[in-house]
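Everything below concerns the one structure shown next.
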Amino acid sequence: MALTPFDVAAGERRELFVVALERFQGPLDLLLHLIRQQDIDIFDIPVATITDQFLKVVGGIGAEELEGAGEFVEMAAILIGIKARMLLPHRREEEDEDPRAELVRRLLEYEQVREISSRLEIMEARRMRRWAKGYVPPRPRPAPRDTPLDTTWDEVWEAALAVELPRPHVPPRVETRLVSMEEKIALIRDRLRTVGRIEFSRLIGSWRARMHGVMTLLAGLELARRRQVRLRQTRPFAELWLYRRAASAVESENAGGEAA
């Protein structure tokens, strides 16, 4: 809000107060600001003057400040109610009751909480300049004291003999069994004795280690080089088949090779 003029006292001088609602955290903060700025005794608040000033400030709330206007309107209603109770005649049993007592109590509590919060912020800023966040100061160690020794040398010797040396930790060794290509050649020959052809996946189906698949493939290539089996694959990455070659075909190929 802009500069808001209002009377400090009826018929007296007028002053200008700079009141911006975004500076205040609520209606109690604004009300306490008006009281402290004019050096008003908080135990003897001129309700009529403070109410008029508060209403003028609330009346100037703009559309952009409507989010927190409800609390200020509620405080304005409380001030009007106190003002009305002080203007109306009182009963004898109500003369000792001050309508401002509850408002004074709330203002003093709020001022105390605000002061504690301000001091905590100052202490936090001082602490951040000295230590990093999350720093926990070390606990003081107790001063060393001379303790009389009640243990005999026989007890010390007995305890020393009971001490066992730690066993050295030996990491377990896992030795892998070497895969022989001759074993894989024998495996392929044994399977092709009963069937005419066999898939490569069936030869390595019972083995999980990758080395068995590699050695089985090398064994199949070695048998193909010896012209004992034929390898066939219809397309790339398709199933690899191993065919058994007839003994007569092997002998004729060997004879033709010798004649040449």
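From a predicted model like this one, the values you see are computed outputs, not experimental measurements. For the single chain, residues carry numbers from 1 onward in sequence order.
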**Request:** Tell me, please, which residues at least two apart from W131 pass ring-ring contact (aromatic ring centres under 6.0 Å, His included).
**Result:** Y135
**Item:** All pairs passing side-chain hydrogen bond (donor to acceptor under 3.5 Å, both in side chains) where residues 229-242 contributes a residue, at least two apart
**Value:** S201-E239
Nearest 0.5 Å please: distance from the [atom1] atom of [X] over to the [atom2] atom of [Y].
X    : Y    : atom1 : atom2 : result
E199 : R191 : CD    : CZ    : 11.0 Å
I50  : L103 : CD1   : CG    : 9.5 Å
R226 : L221 : CZ    : CG    : 12.0 Å
M128 : M123 : CE    : CE    : 14.5 Å
L34  : T49  : CG    : OG1   : 11.0 Å
T51  : L55  : OG1   : CG    : 6.5 Å

Indicate the atoms forming the closest heavy-atom contact of [X] with [Y], along with that distance.
X    : Y    : answer
G220 : I188 : N-CD1, 3.7 Å
I45  : R100 : O-NH1, 2.8 Å
G213 : I204 : CA-CG2, 3.8 Å
K184 : A219 : CB-CB, 3.6 Å
R244 : T194 : NH1-N, 4.4 Å

4.5 Å side-chain heavy-atom contact, [X] and [Y]:
X    : Y    : result
F43  : L108 : yes
L31  : M75  : yes
L217 : L240 : yes

**Message:** I'd like to know if L223 and V214 are part of one continuous hydrophobic network [Ile/Leu/Val/Met/Phe/Trp/Tyr, side-chain heavy atoms within less than 4.5 Å].
**Reply:** yes
**Message:** Membership question, hydrophobic clusters at under 4.5 Å side-chain separation (ILVMFWY): are I185 and Y243 in the same one?
**Reply:** no
**Non-neighbouring partners of R105 that pass side-chain hydrogen bond (donor to acceptor under 3.5 Å, both in side chains), sequence neighbours left out** = E102, E109
Is it true that atom [atom1] of [X] has more than 12 heavy atoms of other residues, nucleotides or ligands lying nearer than 6.0 Å?
X    : atom1 : result
R114 : CZ    : yes
M211 : CE    : no
Q112 : CD    : no

**Request:** Answer yes if the side chains of E222 and Q228 hold a donor-acceptor pair under 3.5 Å, and no otherwise.
**Result:** no
**Prompt:** Given the rule in the side-chain contact (heavy atoms from CB on, under 4.5 Å) test, do I78 and R106 qualify, once you have shown the distances and angles that lead to the verdict?
**Reply:** CA-CA 12 Å; I78 294 175; R106 293 178 59 184; 3.9 Å; yes
